[in-house]
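This report refers to the structure that appears directly beneath it.
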Amino acid sequence: MSEDDVPLLGKLKEKLVQTKENWAKEGRALTGKPGQARLPPGQHLTAEWPVLDLGIQPNLTQADWSLSVAGAVEQPIRWSWNDFLAQPQVEMVSDIHCVTTWSRYDNTWQGVSARHLLARVKPRATARFVMFRSYDGYTTNVPLSRFADDDVLLAHSWEGQPLSREHGGPVRVVIPKLYFWKSAKWLRAITFMDQDSPGYWELRGYHDEGDPWTEQRYG
């Protein structure tokens with residue numbers, strides 16, 4: 001993490017972190033077998049939405065929340081909650097695929113599309129990667145091309161209700177075509193970068209991109 005990141009507060013789930021680092025070393029859940037057309041290999045369906053985090057769930061009100069977007073862009077922005085809601089709102093339905101092997105189909109999200117954000121900030125021609133920074137200190141990186149996909153959004157609601165604290169509210173990223181650790185909870189900042197830089201789990205053995213259909217679980 002860079003010096004701009006908010007330090008992790010409180011006690012992390014150290015056992016969970018160590019376990020998941022071990023999974024990366026062992027290649028847990030890599031099957032090498034073709035999955036169904038919709039379900040990626042090594043995944044199983046669930047009707048639940050499991051809660052996974054680093055042991056910290058920031059208690060943010062909508063008034064507390066803001067989003068900064070900077071780096072390799074022509075027009076940096078800082079949105080308050082009201083600014084965020086003033087942007088064009090979209091509704092999208094997509095699946096979740098977690099690296100811990102569960103998938104959940106047909107999640108309905110409301111929020112602001114990534115493509116609208118890109119149109120506002122105007123990434124420079126040199127920008128190739130994006131870093132998401134969260135209020136708990138978490139970071140994760142994705143190629144700009146992944147963030148620019150037409151099903152990506154910054155979500156404030158799920159199934160018609162405000163996104164709960166445990167699932168990343170007030171606002172989280174949703175990138176359906178990547179494992180869900182790339183969809184950062186409690187989003188506070190987005191940095192556009194000319195060169196790639198690993199985030200929290202990427203530094204701990206997880207794959208840099210995280211495509212579920214090619215089982216990019218671990219680096």
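What you see is a predicted model, and the numbers here were worked out from it, not measured in a lab.
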Practice task
Nearest 0.5 Å please: distance from the CH2 atom of Trp213 over to the CZ atom of Arg38.
Solution key: 9.5 Å
Problem - Ion pair check, Lys182 and Glu202, cut-off under 4.0 Å - result: yes
Exercise for the section: Work out which heavy atom in Val130 is nearest to a heavy atom in Met193; give both atom names and the distance. Expected result: C-CE, 3.9 Å
Problem - Value rounded to 0.5 Å, distance of CG in Asp151 from CZ in Arg115 - result: 8.5 Å
Problem - Main-chain N/O of Thr108 paired with Glu159 side-chain donor or acceptor, under 3.5 Å - result: yes
Practice task
Give the minimum heavy-atom separation between Trp79 and Leu117, together with the two atoms involved.
Solution key: CH2-CD1, 3.7 Å
Practice task
Would you check if the side chain of Asp136 reaches a backbone N or O of Pro58 as a donor-acceptor pair within less than 3.5 Å?
Solution key: no
Problem - Spacing of Leu45 atom CG and Tyr105 atom OH [to the nearest 0.5 Å] - result: 4.5 Å
Handout entry: Gln89 versus His156, side-chain donor and acceptor atoms under 3.5 Å
Key = yes
Practice task
Look at Asp211 together with Arg146 and state whether they make a salt bridge at an N to O cut-off of under 4.0 Å.
Solution key: yes
Problem - Under 3.5 Å donor-acceptor, Ser68 side chain and Arg78 backbone - result: no
Handout entry: Tyr206 six-ring centre to Arg204 NZ/CZ under 6.0 Å and within 45° of normal
Key = no
